[in-house]
K.L.:
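Got a structure for you, questions after.
Chain identifiers are assigned alphabetically (A, B, ...) following the order of the sequence lines, protein sequences preceding nucleic acid strands; residue numbering begins at 1 within each chain.
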Number of protein chains: 2
Amino acid sequence: MEMKNTRQKITDAAIEIFNEDLSAPLEIVAEKAEVTRRTLHRYFTDRQDLVLACHAAMQESCRKAIDVVYTSFPEPLERFENMLYAAIDCGVKFSFLHRMHNNDHHNHTAKDENCSKYDVTFNKFRMTIEELQRKNLITTELSVEWVEMLCTGIVTAAINSEKSGNVAKVNIKKFAWFSLSKGILV
Amino acid sequence: MEMKNTRQKITDAAIEIFNEDLSAPLEIVAEKAEVTRRTLHRYFTDRQDLVLACHAAMQESCRKAIDVVYTSFPEPLERFENMLYAAIDCGVKFSFLHRMHNNDHHNHTAKDENCSKYDVTFNKFRMTIEELQRKNLITTELSVEWVEMLCTGIVTAAINSEKSGNVAKVNIKKFAWFSLSKGILV
DNA sequence: GACTTATTTCTCAAAAGTGTGACATTTTAA
DNA sequence: TTAAAATGTCACACTTTTGAGAAATAAGTC
């Protein structure tokens with residue numbers, strides 16, 4: 001096992017655990033990552049260090065996925081559809097990152113570098129929605145903010161569907177786009 | 001201050017705190033409930049005791065709300081709409097209850113009394129969805145399981161909208177029903 | 001005012017979680 | 001095969017969290 005692999009395994013495990021329980025003991029994270037707590041501490045000095053690493057990993061993963069789609073699809077509706085798919089692929093990372101920036105304890109401010117990075121990524125969502133509304137491709141009865149919230153809600157639904165195994169995996173994205181697109185149509 | 005009030009204040013606080021952080025220190029819960037940690041322990045011997053009480057409270061609250069709607073509206077589409085509103089009103093309780101029954105550590109089984117109680121309540125959702133599909137009021141392209149997931153996703157969106165304050169409060173339910181109904185139309 | 005009940009304050013000891021050092025063991029790569 | 005790198009084991013000091021006892025205080029009731 002080389003180093004990079006282990007570090008990633010730990011952050012991946014941490015993201016999943018912290019997503020459900022932000023103050024879970026590091027022992028639990030280590031278990032999930034299949035390493036010792038001692039090893040975990042070799043890579044991350046602190047709990048905070050680990051949390052920050054998770055944050056950065058989620059940030060980067062989402063940014064990359066969304067960016068690719070944003071630049072690849074000039075047609076806004078098609079772009080929007082593929083941004084949804086990208087978000088579903090990012091899965092837990094996507095929804096956890098959102099939660100981190102919107103919970104009570106976090107003071108979201110453009111001055112913070114992390115926050116502005118987050119903003120840059122997710123403004124691409126907002127801008128696409130606004131463009132869709134301007135071009136009358138989706139209803140103007142709904143506010144942009146609601147459509148944004150709806151997107152993350154549908155991503156959550158997709159994640160839970162996948163986790164529970166009650167919805168055939170091949171159908172999840174199809175269903176998600178069906179519901180989202182009809183749910184915001186003119 | 002009478003007893004019942006305090007007990008409720010504590011479970012209410014705990015539900016909100018645990019919803020965001022399942023292993024938050026009881027100190028935090030006590031703070032939110034505006035009592036001492038010592039007082040909290042006079043009502044709940046254990047952390048587990050408190051968690052179970054929260055669970056029961058959520059269970060009961062959701063059951064009551066859904067039951068009323070379920071028996072009040074014979075027409076399935078109208079019933080479905082009002083079940084959504086009820087779920088939004090239950091808010092955090094609704095989504096936290098779901099999380100508790102769907103997370104990795106929880107083994108959902110009909111034998112457990114709590115699980116079966118949960119099932120009874122949320123089967124009312126499922127039955128209504130099935131009825132809507134039978135009567136061709138919603139599309140049969142989507143599976144019942146997805147529509148269920150979609151509902152909780154939209155409830156989540158509504159909760160987050162309310163919390164963030166980005167969506168006018170008067171609009172939230174309207175938007176939620178708009179998106180849900182169109183998102184599952186024939 | 002005396003009495004009951006709920007709460008706070010202060011205290012304490014046990015338990016759980018955290019971070020690190022020293023050394024053994026395994027893996028990896030030359 | 002062997003040296004280096006990565007990981008595991010164990011022990012330790014330390015902090016936080018937990019749960020409960022005892023007495024003081026506040027609040028409501030008769």
Side-chain angles (χ1 to χ4, degrees), chain A residues 1-58 60-61 92 96 99-100 103-107 114, chain B residues 1-58 60-61 92 96 99-100 103-107 114:
Chain A
M1 318 249 173
E2 71 269 45
M3 178 186 118
K4 206 171 182 183
N5 216 328
T6 302
R7 195 186 164 85
Q8 182 126 8
K9 256 184 16 183
I10 294 172
T11 50
D12 283 349
I15 287 168
E16 286 214 28
I17 296 290
F18 290 159
N19 182 44
E20 289 200 337
D21 181 358
L22 197 59
S23 356
L26 298 181
E27 183 75 48
I28 306 285
V29 176
E31 244 170 54
K32 179 130 198 163
E34 297 175 299
V35 294
T36 337
R37 195 165 60 84
R38 190 65 189 84
T39 302
L40 186 152
H41 275 298
R42 287 214 179 82
Y43 288 92
F44 306 97
T45 62
D46 250 1
R47 178 187 207 85
Q48 197 196 355
D49 189 22
L50 176 56
V51 171
L52 289 179
C54 289
H55 190 258
M58 294 190 289
E60 186 56 15
S61 165
V92 168
F96 187 24
R99 277 234 309 270
M100 288 195 79
N103 74 8
D104 298 336
H105 307 291
H106 176 74
N107 258 19
N114 273 325
Chain B
M1 322 240 172
E2 73 268 48
M3 178 187 116
K4 206 172 181 183
N5 215 328
T6 302
R7 195 185 164 86
Q8 180 126 11
K9 257 183 16 184
I10 294 172
T11 49
D12 284 349
I15 287 168
E16 285 213 30
I17 297 290
F18 289 159
N19 184 44
E20 290 200 337
D21 182 357
L22 197 58
S23 355
L26 298 181
E27 183 75 47
I28 306 284
V29 176
E31 245 171 53
K32 180 129 196 164
E34 296 175 300
V35 294
T36 334
R37 193 167 61 83
R38 193 63 191 83
T39 302
L40 186 151
H41 274 296
R42 289 182 60 256
Y43 286 94
F44 306 97
T45 61
D46 247 6
R47 178 185 208 87
Q48 198 196 356
D49 188 22
L50 176 57
V51 171
L52 289 178
C54 289
H55 190 255
M58 293 190 290
E60 185 56 16
S61 165
V92 167
F96 186 24
R99 276 235 308 261
M100 289 195 78
N103 76 7
D104 297 334
H105 306 292
H106 177 74
N107 259 19
N114 273 326

K.L.:
Can you measure B:I28 atom CD1 to D:dT16 atom C1' for me and round it to whole angstrom units?
P.N.:
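Interatomic distance, CD1 of B:I28 to C1' of D:dT16: 12 Å.
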
K.L.:
Expressed as a whole number of angstroms, how long is the span from A:L40:CG to D:dT9:C1'?
P.N.:
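So the two atoms are 16 Å apart, to the nearest Å.
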
K.L.:
Side chain to side chain donor-acceptor pair (under 3.5 Å) with B:S23: which residues, sequence neighbours excluded?
P.N.:
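Once residues adjacent in sequence are excluded, the partners of B:S23 under the side chain to side chain donor-acceptor pair (under 3.5 Å) criterion are A:D21.
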
K.L.:
Just how far, in rounded Å, is C1' of C:dT27 from CD of A:E34?
P.N.:
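Rounded to whole Å, this separation is 16 Å.
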
K.L.:
What closest approach, in Å, do B:L40 and B:L26 show between heavy atoms, and which atom pair accounts for it?
P.N.:
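In this case the closest contact between B:L40 and B:L26 is CD1-O, 4.0 Å.
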
K.L.:
The side chain of A:R42 is closest to which nucleotide in this list: D:dA6, C:dT8, C:dC23?
P.N.:
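The answer is C:dC23.
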
K.L.:
Can you name the residues that form a side chain to side chain donor-acceptor pair (under 3.5 Å) with A:E31, not counting sequence neighbours?
P.N.:
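Applying side chain to side chain donor-acceptor pair (under 3.5 Å) to A:E31 gives none.
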
K.L.:
Using the side chain to side chain donor-acceptor pair (under 3.5 Å) criterion, which residues pair with B:H41? Sequence neighbours excluded.
P.N.:
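In terms of side chain to side chain donor-acceptor pair (under 3.5 Å), with neighbours along the sequence ignored, B:H41 is linked to no residue.
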
K.L.:
Under the rule for salt bridge (charged side-chain N to carboxylate O under 4.0 Å, His left out), what residues qualify as partners of B:E34, not counting sequence neighbours?
P.N.:
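In terms of salt bridge (charged side-chain N to carboxylate O under 4.0 Å, His left out), with neighbours along the sequence ignored, B:E34 is linked to no residue.
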
K.L.:
Quick one: list whatever passes salt bridge (charged side-chain N to carboxylate O under 4.0 Å, His left out) with B:R47, sequence neighbours left out.
P.N.:
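If we apply the salt bridge (charged side-chain N to carboxylate O under 4.0 Å, His left out) test to B:R47, skipping adjacent residues, there are no hits.
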
K.L.:
Can you see if the side chain of A:Y43 gets near the phosphate of D:dA6 - specifically, an N or O under 4.0 Å from OP1 or OP2?
P.N.:
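Negative; the distance criterion is not met.
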
K.L.:
Side-chain N or O of B:T39 versus OP1/OP2 of C:dT7: is the shortest distance under 4.0 Å?
P.N.:
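Negative; the distance criterion is not met.
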
K.L.:
For a quick check, with a 4.0 angstrom heavy-atom cut-off, what is the B/S/- contact string for nucleotides 13-21 of chain C, read 5' to 3'?
P.N.:
----SBBBB

K.L.:
Just how far, in rounded Å, is P of C:dA6 from CD1 of B:I10?
P.N.:
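Nearest whole value for this atom pair: 13 Å.
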
